[in-house]
Amino acid sequence: MTSESDAARIARHRPPSGMVSPRFSGPASFMRLPILDPAEAPGRIDIGLIGIPFDGATTNRPGARLGPRGVREASTGTRAINHATGIAPYELAACADLGDVPVNPIDVAETGRRIEAFHAPLAAAGIVPLSIGGDHFVTYPILRALGRDRPLGLVHIDAHSDTDDAQYGGTRLTHGTPFRRAIEDGRLDPTRAVQIGLRGSQDSRDELDWARGQGVRTIGMEEVLARGLPAVATEARAIVGAGPTYLSFDIDALDPAYAPGTGTPEIGGFTSREALSLVRAMAGLDLVGADLVEVAPPLDPSGITALAGATLAFEILCLLAQAVAARRGTIGRA
Ligand code: MN
Ligand code: MN
């Protein structure tokens with residue numbers, strides 16, 4: 001594709017200016033992006049925002065099935081240019097809202113197959129997904145689709161490791177197991193995986209012991225506090241290196257003071273400000289996909305959790321747009 005047609009394609013797939021139609025007007029798509037049938041996405045867009053309204057694998061408080069609705073609504077307030085980095089994602093990449101994965105709210109395994117089937121053809125067409133959950137189970141079938149040809153690196157920001165083997169007497173598909181399943185399936189390279197912000201109490205030692213035994217670098221909140229965010233971010237970047245990498249952000253990484261609307265809150269978390277700077281510090285990685293999960297709007301009538309999720313999703317979108325442009329050769333690597 002020529003750079004001229006890339007420019008035309010990018011110009012057709014971006015939000016309307018908030019200075020022409022107010023940001024509070026119109027139907028609430030992600031970031032006010034055009035809504036596109038995923039079947040028509042190949043060849044047209046570079047980044048697809050995807051809702052996954054599923055919380056059937058939640059082991060604690062439910063509500064994340066309404067995450068995509070809540071984040072879409074809150075995300076209409078985002079503008080086009082990142083004030084801190086100057087990145088304008090809609091100038092770098094053609095973006096669209098591809099709607100929601102058709103989940104089955106009462107069948108985890110079937111929903112997993114549908115999530116994988118939704119993402120696989122997009123990945124094959126080189127479209128980068130930014131998927132909005134949904135509980136954290138949804139990341140496993142996404143990784144099955146994206147890591148099919150080679151295991152991916154992982155930057156995982158969360159209060160929890162989500163590397164349990166099973167919960168409630170042998171249930172292996174839950175929001176506490178996605179990264180263990182993805183490593184077992186060869187979709188993640190555990191030696192290129194880092195988890196940041198872990199804290200709280202555990203049901204067993206096995207969750208963290210297993211992850212560390214595989215080579216996953218687990219960075220607890222105490223270590224973040226002792227060493228500082230810049231040092232932790234630098235180490236995370238070195239761990240995933242230059243290879244293809246996935247970013248997964250669980251909103252419960254934030255302190256419940258900033259994100260109360262989530263199923264498994266843990267005190268002692270990141271401030272919104274810290275979370276934004278941690279995401280921003282991942283600029284220049286070869287990101288092939290990302291998600292933002294566990295926003296549960298019914299647990300937060302104030303809406304600040306969805307606002308945090310939408311704002312972080314824009315920050316992540318900026319990283320993905322940079323990665324798309326770097327792979328195309330439009331901009332150099334950071
Ligand atoms: Mn999680
Ligand atoms: Mn979590």
Side-chain angles (χ1 to χ4, degrees), residues 13 15 26-42 44-58 62-78 94-125 127-146 173 175 178 246-251 261-263 289-300 303 305-310 312-314 316-317 320:
H13 298 95
S29 63
F30 287 122
M31 317 292 175
R32 308 184 74 215
L33 282 163
I35 295 171
L36 186 65
D37 183 333
E40 295 176 8
R44 294 196 184 188
I45 62 165
D46 304 302
I47 299 173
L49 283 85
I50 298 161
I52 312 181
F54 181 74
D55 62 12
T58 303
R65 67 179 58 184
L66 291 165
R69 280 270 169 99
V71 173
R72 276 195 179 91
E73 167 75 21
S75 74
T76 61
T78 59
C95 304
D97 183 332
L98 300 181
D100 286 352
V101 175
V103 303
N104 179 336
I106 52 170
D107 191 328
V108 180
E110 172 61 16
T111 295
R113 287 188 288 272
R114 294 182 188 184
I115 294 169
E116 184 177 348
F118 192 101
H119 286 73
L122 299 174
I127 294 169
V128 175
L130 172 50
S131 307
I132 309 295
D135 70 47
H136 220 155
F137 162 73
V138 307
T139 303
Y140 168 50
I142 295 171
L143 289 171
R144 280 191 55 84
L146 270 57
L173 297 180
H175 72 154
Y246 189 82
L247 173 69
S248 188
F249 197 110
D250 184 329
I251 201 69
T262 193
D291 61 53
L292 186 291
V293 298
E294 298 283 0
V295 172
L299 300 173
D300 173 17
T305 311
L307 177 61
L312 285 160
F314 177 77
I316 294 168
L317 179 63
L320 298 179

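Residues take their numbers from the sequence shown, with the count starting at 1. The analysis underlying the following values was restricted to heavy atoms, covering all of them including side chains, and did not include hydrogens, waters or symmetry mates.
Side-chain contact between Leu49 and Ile47 is present, with at least one heavy-atom pair separated by less than 4.5 Å. Using a 4.5 Å heavy-atom cutoff, the side chains of His119 and Ser131 are in contact. Inter-residue side-chain proximity for Ile142 and Tyr246 is flagged as met; some heavy-atom pair is nearer than 4.5 Å. Contact of the Leu299 side chain with the Thr305 side chain is not registered, since no non-hydrogen atoms from C-beta on lie closer than 4.5 Å. In this structure, Ile50 and Leu122 have side chains that are in contact, with non-hydrogen atoms separated by less than 4.5 Å. A heavy-atom distance below 4.5 Å is found between the side chains of Pro298 and Leu66.
Asn104 is linked by a side-chain contact (heavy atoms from CB on, under 4.5 Å) to Ile106, Asp107, Glu110, Thr111, Arg114, counting only residues two or more places apart in sequence or in another chain. Listed by chain and residue number, Ile115, Glu116, Phe137 satisfy the side-chain contact (heavy atoms from CB on, under 4.5 Å) test with Pro141 (two or more places apart in sequence, or in another chain).
Pairing each heavy atom of His136 with each of Asp250, the nearest pair is ND1-OD2, 3.4 Å. Minimum heavy-atom separation, Ala296 to Pro62: CB-O, 4.5 Å. Contact record, Pro42 with Ala39: CD-O, 3.7 Å, taken as the closest heavy-atom pair. Residue Ala145 comes nearest to Ala123 through the heavy atom pair O-CB, 4.3 Å, listed as atom of the first residue, atom of the second, then distance. Among all heavy-atom pairs drawn from Ile127 and Ile45, the shortest one is CG1-O, 3.5 Å. The minimum heavy-atom distance linking Pro53 with Val101 is given by the pair CD-O, 3.9 Å.
A donor-acceptor pair is defined here as one N or O able to donate and one able to accept, closer than 3.5 Å; no such pair exists between the side chain of Glu294 and the backbone of Gly263. Asp55 places a side-chain N or O within donor-acceptor distance of the main-chain N or O of Gly63, the cut-off being under 3.5 Å. The backbone N or O of Thr58 lies less than 3.5 Å from a partner atom in the side chain of Asp135, making a donor-acceptor pair.
Geometrically, Arg72 engages Phe30 in a cation-pi contact defined by less than 6.0 Å to the ring centre and at most 45° from the axis.
The CG atom of Leu312 sits 5.0 Å away from the CD1 atom of Ile251 when rounded to the nearest 0.5 Å. Atom CG of Leu317 and atom OG1 of Thr78 lie 8.5 Å apart (nearest 0.5 Å). To the nearest 0.5 angstrom, Asp100 atom CG is 8.0 Å from Phe118 atom CZ. Expressed to the nearest 0.5 Å, how far CG of Leu292 lies from OG1 of Thr139 amounts to 10.0 Å. For the atom pair Asp291 CG and Ile132 CD1, the distance stands at 8.0 Å (nearest 0.5 Å).
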| request: Walk me through it: do Asp300 and Val295 pass the test side chain to side chain contact (heavy atoms under 4.5 Å, CB included)? | output: CA-CA 9 Å; Asp300 173 17; Val295 172; over 6 Å; no

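Using modelled atom types and a 3.5 Å distance limit, the side chains of Ser29 and Asp97 yield no donor-acceptor pair.
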